[in-house]
Amino acid sequence: MKVLILYFSGTGNTEYVARFLQNRLAGLSIDSSLESIENIFPEKTSQYDILVIGFPVYAGTVPEFFREYLASLPAADHKGFFVFCTRAMFTGSAIHHVSDELCPKG
């Protein structure tokens with residue numbers, strides 16, 4: 001099983017959580033790769049079985065460029081997704097936006 005932890009981090013908080021998750025997975029003997037969306041083309045994500053996707057919440061929603069990146073991800077039939085976000089006070093509808101974007105991809 002190949003796991004990709006894919007994230008965007010503006011201030012470092014989301015990257016911190018992504019690295020924490022990678023360390024926890026390693027403790028469970030699950031190998032994972034860690035990549036910022038700035039360093040991996042969307043089509044390269046198709047080689048992974050599970051995508052762990054992390055992003056910060058900006059003004060109660062997903063950053064627009066992150067939403068565009070999600071839209072460019074290839075269809076992912078029979079893959080697992082896990083989504084997390086970092087935020088200051090509240091998530092607004094950010095998780096719902098990401099879910100709405102990913103569900104049609106399988």
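Just so it is clear, the model here is predicted, and its values are computed rather than measured.
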- Query: Looking at residues at least two apart in the chain, or sitting in another chain, which of them share a ring-ring contact (aromatic ring centres under 6.0 Å, His included) with Tyr48?
  - Reply: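 Tyr48 satisfies ring-ring contact (aromatic ring centres under 6.0 Å, His included) with no other residue.
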
- Name all residues meeting the ring-ring contact (aromatic ring centres under 6.0 Å, His included) criterion together with Phe65; count only those two or more places apart in sequence or in a different chain, and write none if there are none.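 Result, ring-ring contact (aromatic ring centres under 6.0 Å, His included) vs Phe65: Phe8.
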
Going by atom type alone, with no hydrogens or angles, which donor-acceptor pairs under 3.5 Å involve a side-chain atom of residues 49-56 and a protein atom two or more places apart or on another chain?
| from | atom 1 | to | atom 2 | distance (Å) |
| --- | --- | --- | --- | --- |
| Asp49 | OD2 | Lys2 | N | 2.7 |

- Distance in Å, Leu4 CG paired with Ser46 OG, rounded so as to fall on 0.5 Å steps: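 The distance works out to 10.5 Å.
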
- Message: Could you measure the distance from the SG atom of Cys85 to the OH atom of Tyr58? Nearest 0.5 Å is fine.
- Response: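 These two atoms lie 12.5 Å from each other.
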
- Message: Tell me whether Phe20 shares a hydrophobic cluster with Phe84, the cluster being built from Ile, Leu, Val, Met, Phe, Trp, Tyr side chains joined at under 4.5 Å.
- Response: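 No: no chain of side-chain contacts under 4.5 Å links Phe20 to Phe84.
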
- Query: What do the steps show when you test Met1 against Val3 for side chain to side chain contact (heavy atoms under 4.5 Å, CB included), and what is the final call?
  - Reply: CA-CA 6 Å; Met1 174 174 47; Val3 177; 4.2 Å; yes

- May I have the step-by-step check of side chain to side chain contact (heavy atoms under 4.5 Å, CB included) for Leu70 and Leu73, ending in yes or no? CA-CA 5 Å; Leu70 292 177; Leu73 288 173; 3.8 Å; yes

- Only counting residues at least two apart or in another chain, list the ones meeting side-chain hydrogen bond (donor to acceptor under 3.5 Å, both in side chains) with Arg19.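 With neighbours one apart ignored, the set is Glu15.
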
- Message: I'd like to check the side-chain hydrogen bond (donor to acceptor under 3.5 Å, both in side chains) partners of Ser9; sequence neighbours left out, ordered by chain and number.
- Response: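 Expected list: none.
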
- Query: Step by step, would you call Val57 with Thr86 a side chain to side chain contact (heavy atoms under 4.5 Å, CB included)?
  - Reply: CA-CA 6 Å; Val57 174; Thr86 56; over 6 Å; no

- Query: Can you find a pair of side-chain heavy atoms, one from Thr45 and one from Tyr69, that are under 4.5 Å apart?
  - Reply: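 Yes, at least one pair of side-chain atoms sits under 4.5 Å.
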
Pair up each side-chain donor or acceptor in residues 31-42 with any protein partner under 3.5 Å, not counting sequence neighbours, and list the distances.
| from | atom 1 | to | atom 2 | distance (Å) |
| --- | --- | --- | --- | --- |
| Ser36 | OG | Glu38 | N | 3.2 |
| Ser36 | OG | Glu38 | OE1 | 2.7 |

